[in-house]
There are 2 protein chains.
Amino acid sequence: MESFEGIVEFVAVAERGGFSSAARQLGCSTSHVSRQVARLEERIGCALLARSTRLVSLTENGSAYYQQCKELVVGLQQANEQVNQQQFNLNGTLRVSAAGGFAEQFVAPVLMVFAQQHPELTVDIDFNSRMVNFVEDGIDFAVRYGELTDSSLIARKLVSRPMMAVASPDYLKQYGEPKHPNHLKNHSCILSNNDHWFFNIDGIQESIKVSGRWRSNNSNAVVEACEQGLGIAYLPKSTFNDAIESDRLVAVLEPFWGKGASSWIVYQNRQFLPLRARLAIDYLIEHISGWGGS
Amino acid sequence: MESFEGIVEFVAVAERGGFSSAARQLGCSTSHVSRQVARLEERIGCALLARSTRLVSLTENGSAYYQQCKELVVGLQQANEQVNQQQFNLNGTLRVSAAGGFAEQFVAPVLMVFAQQHPELTVDIDFNSRMVNFVEDGIDFAVRYGELTDSSLIARKLVSRPMMAVASPDYLKQYGEPKHPNHLKNHSCILSNNDHWFFNIDGIQESIKVSGRWRSNNSNAVVEACEQGLGIAYLPKSTFNDAIESDRLVAVLEPFWGKGASSWIVYQNRQFLPLRARLAIDYLIEHISGWGGS
DNA sequence: CCCCATTATTGCTATATAGCAATAGTATTT
DNA sequence: AAATACTATTGCTATATAGCAATAATGGGG
């Protein structure tokens, strides 16, 4: 297999007319340059330079070879400059995998603003909650909610979302208001992702098993069912902003609300994250973490 | 300064889709390929490959960089092929420095035949006896006569030329024939290169100091002067072939003639002598040494 | 579902290379 | 003419790299 070894040194000697001058230009020792060129000549079985003490000149073969090697060196410089420029340019496609209502409601709008600020970027958000294959799918980062499973990824907390329990006024009029999380076993609860709700009871986070006649993994559907009086709902507070403002739902069990799980940005643990990813992640953290999670 | 390190490995990984396959192609270890690519990424500050266990793909930057590096690798292959082809082709200009009558009389004609056999060669013979600067003047080899001074050169003996002492019949009639080299101090001698002639006396080579009224470093001029009866001449035997055949000159001191000095081909002690030089030198030695020096 | 084969990474050791210093040769300066 | 400075090469040593082996992860086959 071909090797580029000695090419840079040979070109430098040819251009500078000597090993010592070439070594100074390359910032290495004269003996290194001497040996690299000698090895190159040995590898290609041809004298490239004619030498006497204090004098070096190109042979006929060396002249021709130099022209070609010079193009290789220039080509490498251009390749490196271009990859360097690309590295500090904001271009290409930002690919995000987002899951959950929070991503839909808050992350997407913020990314929209970010995209407007960077017209040369394309943003591709795939809303799904499946396990992401970062390498295969070329995903820059994912937004995930709850506990994370893959320890090889880097996770940066976006927000801890405080929870809120609500019910419709009609439901409470008919079934009474629960005064403690333990009372929930006597109530109809509207389930979302799982049937254990975490409450802060005397400073301790306790898991309360709940049940009900309605369940959905869509937070909008949960809110509607609650408004219809189908039971008590317990989701991140922001989910109920509109319903609370219009008095369609009212808060219950307020002293016991948990801090709730976190939303995360997760991405590959790798060097040289593309600039677009780094800036987008930083932008999201800056514009969402700072909200205090409401 | 730019470095080509890792380029070959990176291109191989990109094309084969994995480090192990690339290592097999390159005939090296997987760990070497892994490290070379990692070092390349570190040097250019950019991820070229996205990796998971058992899977490698090019990043956006890596894709662009690969295209350029592929051209570099192809360019290197072409450069090496071309220099290899040149190496085994007989082309270019054979540059020879020749000194002395022997070179003019015998070497030039033989090289002429050699040149006729190789139409793609140009032969450039510079007749002079100054010290050759092989590197500066781009000389392939030189033809020299007598003792050599530069021990760093390679010297291959072309011919040892036996000497001959001659005089014109008129000269001998007038001044008598010398019977021993010691008698030469009483005779007029025609000098060429120096005033000490070497004779074989009782198996020992002895230096006899001679003098005369005529001196020239041109052997043709020496022969003419001798024919005019200006004295005794002592040069390589071949110098006098015509004059002897036509009885214009006769031999003297025959039992004492020395073997004479040698003619040499000298060239740089260097690797990878161009093919044209190697073939020409071999051709000369084959076609001149075999004559036995007459 | 389990086992095996293959992959990529990295700690560690053997090996090749980079640099230092000595050497020889030559050009320039005094 | 002699001394000095600079050059290229090479022996030797310190350092970086190549390869081996261990490790962890994953895909394919039974």
Side-chain angles (χ1 to χ4, degrees), chain A residues 1 3-10 12-14 16-43 47-59 62 131-137 149-153 268-271, chain B residues 1 3-10 12-14 16-43 47-59 62 131-137 149-153 268-271:
Chain A
M1 196 54 173
S3 167
F4 284 99
E5 285 191 68
I7 297 290
V8 169
E9 288 82 4
F10 167 60
V13 172
R16 305 291 279 231
F19 290 83
S20 293
S21 183
R24 282 194 291 276
Q25 179 196 353
L26 299 176
C28 62
S29 67
T30 307
S31 51
H32 167 68
V33 177
S34 175
R35 287 201 167 110
Q36 280 285 33
V37 175
R39 284 187 206 117
L40 173 60
E41 285 176 321
E42 192 149 352
R43 204 159 57 241
L48 300 170
L49 297 166
R51 304 149 163 83
S52 65
T53 62
R54 288 180 73 88
L55 191 68
V56 173
S57 64
L58 283 164
T59 63
M131 287 294 282
V132 160
N133 194 319
F134 287 92
V135 174
E136 220 166 69
D137 303 329
T149 55
D150 193 331
S151 60
S152 71
L153 301 172
Q268 269 184 288
N269 181 9
R270 90 182 203 209
Q271 280 182 299
Chain B
M1 196 56 173
S3 167
F4 285 99
E5 285 193 67
I7 298 288
V8 169
E9 288 82 5
F10 166 61
V13 171
R16 306 291 279 231
F19 290 84
S20 293
S21 184
R24 280 193 293 274
Q25 178 194 353
L26 299 175
C28 62
S29 66
T30 306
S31 50
H32 168 69
V33 176
S34 174
R35 285 200 167 111
Q36 280 285 33
V37 175
R39 284 188 205 115
L40 174 59
E41 285 176 320
E42 190 150 351
R43 204 159 58 243
L48 299 171
L49 297 166
R51 306 148 161 83
S52 65
T53 63
R54 292 179 70 88
L55 192 69
V56 173
S57 63
L58 284 164
T59 62
M131 287 293 284
V132 161
N133 194 320
F134 287 93
V135 173
E136 220 163 70
D137 302 330
T149 56
D150 192 330
S151 61
S152 70
L153 301 172
Q268 270 185 286
N269 182 9
R270 91 183 204 210
Q271 280 183 299

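These numbers come from a predicted model, not from an experiment. In the text below, chain A, chain B and the rest are named by the order of the sequence lines, each starting its count at 1.
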- Message: For B:Arg51 and B:Val37: C-alpha separation, side-chain torsions, deciding distance, then whether side-chain contact (heavy atoms from CB on, under 4.5 Å) applies.
- Response: CA-CA 12 Å; B:Arg51 306 148 161 83; B:Val37 175; 3.7 Å; yes
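Distance check: B:Phe19 CZ to B:Leu26 CG gives 12.0 Å after rounding to the nearest 0.5 Å. To the nearest 0.5 angstrom, B:Arg24 atom CZ is 12.5 Å from B:Ser29 atom OG. The structure places CZ of B:Arg39 at 9.0 Å from CZ of B:Arg43, a figure rounded to the nearest 0.5 Å. Atom CD of residue B:Glu9 and atom NE2 of residue B:His32 lie 4.0 Å apart, to the nearest 0.5 angstrom.
In this structure, the side chains of A:Leu49 and A:Glu41 come closer than 4.5 Å at one or more pairs of heavy atoms.
The nearest whole Å value for the distance from the CD atom in A:Glu42 to the P atom in C:dA16 is 14 Å. At whole-Å resolution of the value, CZ in B:Arg39 and P in C:dA8 are 17 Å apart. Taking atom CG of residue B:Leu49 and atom P of nucleotide C:dT9, one finds them 9 Å apart after rounding to whole Å. Rounded to an integer number of Å, the gap from CZ of B:Arg16 to C1' of C:dT6 is 16 Å.
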- Task: Sugar-phosphate atoms are those with a prime plus P, OP1 and OP2; base atoms are the rest. Using that split, label each nucleotide of nucleotides 5-14 of chain D B, S or - for protein heavy atoms under 4.0 Å, 5' to 3'.
- Result: -BSSBBBB--
